[in-house]
Number of protein chains: 2
Amino acid sequence: MSARTELKKTRKVDTNDDACEVNVVDARKVTSVRRKMHSADAVQLLAETFRVLGDPTRVKIVFALSKEELCVCDLATIVGASQSAVSHSLRALRQMELVRYRKQGKIAYYSLDDEHIGRLIDEGFDHVRELV
Amino acid sequence: MSARTELKKTRKVDTNDDACEVNVVDARKVTSVRRKMHSADAVQLLAETFRVLGDPTRVKIVFALSKEELCVCDLATIVGASQSAVSHSLRALRQMELVRYRKQGKIAYYSLDDEHIGRLIDEGFDHVRELV
DNA sequence: CGCTCATATGAACAGTCGTTCATATGATAC
DNA sequence: GTATCATATGAACGACTGTTCATATGAGCG
């Protein structure tokens, strides 16, 4: 630990948001990381994106859609959930712009909205593979 | 206690893959996608991983740890949450093996558990950047 | 027209989540 | 020893979530 760090040991950093009563151990790190932090909006959006993906039904839906464009009833069969449950899940995914769909007659064909989503799921399964 | 032994707890499995009364539009697609689907355990684990990341406090924590190894109190300052809230969040992240820590005296230094996590967050922010 | 199919959606319910508060542990300092 | 610091954790509470059920919309068919 540097002398410079040692000197600032018990100083409090301006939290510029709320009264957080925690001491700072390494003010240099705190300032450095804070400068890199994304905007509150981006953080909020990303958290909502992850939250939407944080459900087995929706993980299966997104994975399935990363392989094929699929209609709601086939998705329901594949993921083993009711049509209603899948439709509600698709709405959540749509609202986060994770999936889109095209209507052909009475059938709605869903697919992933962009290539980030497929990579997100793949990266996730890569991480999980080491846990099972 | 290792993070590995903490990983267990609430794992719920849905085994009802039969009560689905939906017609199939394209049986070839259904069979093809089904064959590629990951195991129920992997899907469950990935959903839990995403769910843990689906919270602004924890997104900030993981992002911060992708830049620096940090102790709990500095994390609390950076993300603007109480020490208790951060500690609870870190436990959830630990249980999913997203972060690990080393103890040095009374200070616990946290860091990301592997490089997948940092890429997951980066990929997520890439997706989100197009929404804001 | 009436009927069925594919999908969407609102309400309701049981379960879960994230925070706060109070307190515990264990290390360091005096 | 006592005091303080850094962290962990259980309980509790309000807020939120995912499903089911019932129903609605709207396209295609006869």
Side-chain angles (χ1 to χ4, degrees), chain A residues 1 6 9-12 18-26 30 44 47-48 50-61 70-77 79-96 99-110, chain B residues 1 3 6 9-14 16 19-26 44 47-48 50-61 70-77 79-96 99-110:
Chain A
M1 201 188 305
E6 188 75 9
K9 181 128 182 177
T10 55
R11 264 214 10 221
K12 296 195 180 193
D18 57 274
C20 188
E21 302 290 331
V22 189
N23 285 331
V24 166
V25 166
D26 190 334
V30 170
Q44 184 66 36
E48 281 174 36
F50 280 138
R51 187 177 49 72
V52 163
L53 292 172
D55 171 74
T57 298
R58 295 198 286 260
V59 164
K60 289 185 219 166
I61 288 175
L70 289 161
C71 69
V72 180
C73 63
D74 285 0
L75 271 172
T77 303
V79 310
S82 72
Q83 174 269 317
S84 180
V86 170
S87 197
H88 278 296
S89 281
L90 284 169
R91 177 161 62 159
L93 292 166
R94 237 163 42 219
Q95 282 170 345
M96 289 316 296
V99 305
R100 56 179 144 81
Y101 72 108
R102 63 184 179 88
K103 208 71 181 277
Q104 183 177 298
K106 60 185 167 183
I107 298 185
Y109 288 101
Y110 278 81
Chain B
M1 172 169 36
E6 287 182 74
K9 241 183 155 173
T10 54
R11 185 144 324 149
K12 52 197 169 175
V13 189
D14 59 328
N16 50 330
C20 187
E21 308 282 336
V22 190
N23 288 330
V24 166
V25 165
D26 190 333
Q44 184 65 38
E48 281 175 37
F50 280 138
R51 186 179 50 71
V52 163
L53 292 173
D55 171 74
T57 299
R58 294 198 286 259
V59 164
K60 288 185 220 164
I61 288 175
L70 288 160
C71 68
V72 180
C73 65
D74 285 0
L75 270 172
T77 303
V79 310
S82 71
Q83 175 268 318
S84 180
V86 170
S87 196
H88 279 296
S89 281
L90 284 169
R91 176 161 62 160
L93 292 166
R94 236 162 44 218
Q95 282 172 344
M96 291 312 300
V99 306
R100 57 179 144 77
Y101 72 105
R102 63 183 177 90
K103 210 70 183 277
Q104 183 177 295
K106 60 186 168 181
I107 298 186
Y109 287 101
Y110 279 81

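Chain naming here is simple, since letters A, B, ... match the order of the sequence lines and numbering starts at 1 in each.
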Which nucleotide in the list [options] gets nearest to the side chain of [X]?
X        : options               : value
B:Arg58  : C:dT20, C:dC17, C:dA8 : C:dC17
B:Ile107 : C:dA6, D:dT19, D:dA6  : D:dA6
B:His88  : C:dG10, C:dT7, C:dT19 : C:dT19
B:Arg94  : D:dT7, D:dT9, C:dA8   : D:dT9
A:Val72  : C:dT7, D:dA6, D:dT7   : C:dT7
B:Tyr110 : D:dA11, C:dC17, D:dA8 : D:dA8
B:Lys106 : C:dA27, C:dA6, D:dT9  : C:dA27

Determine the minimum heavy-atom distance between [X] and [Y], stating which atoms define it.
X       : Y       : value
B:Asn23 : A:Asp74 : O-OD1, 4.1 Å
B:Pro56 : A:Ala47 : N-CB, 3.5 Å
B:Val86 : B:Ala76 : CG2-CA, 3.7 Å
A:Val79 : A:Lys60 : O-NZ, 3.4 Å

Is the shortest side-chain N/O distance from [X] to OP1 or OP2 of [N] below 4.0 Å?
X       : N      : answer
A:Ser84 : D:dT20 : no
A:Thr57 : D:dG18 : no
A:Arg91 : C:dA8  : no
B:Asn23 : C:dC5  : no

Send over the distance from [X] [atom1] to [N] [atom2], rounded to a whole Å.
X        : N      : atom1 : atom2 : answer
B:Gln83  : C:dT23 : CD    : P     : 16 Å
B:Ile61  : D:dT7  : CD1   : P     : 12 Å
B:Gln95  : C:dG18 : CD    : C1'   : 14 Å
B:Gln104 : C:dA27 : CD    : P     : 14 Å
B:Met96  : C:dC17 : CE    : C1'   : 16 Å
A:Glu48  : C:dC17 : CD    : C1'   : 15 Å
B:Asp55  : C:dT20 : CG    : C1'   : 15 Å
A:Tyr109 : C:dA8  : OH    : P     : 13 Å

When we call it a touch if two heavy atoms are under 4.0 Å apart, what does A:Ala85 touch: a base, just sugar-phosphate, or nothing? base

Along DNA chain C (nearest heavy atom to each residue), the more 5'-positioned of B:Gly54 and A:Ala108: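 Nearest nucleotide further toward 5': that of A:Ala108.
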
Does a donor on one side chain and an acceptor on the other come within less than 3.5 Å for B:Tyr110 and B:Arg94? yes

If you find the nucleotide of DNA chain D closest to A:Ser89 and the one closest to B:Cys73, which residue's nucleotide is nearer the 5' end? B:Cys73

Separation between CE (A:Met96) and CZ (A:Arg51), nearest 0.5 Å, reads 8.0 Å

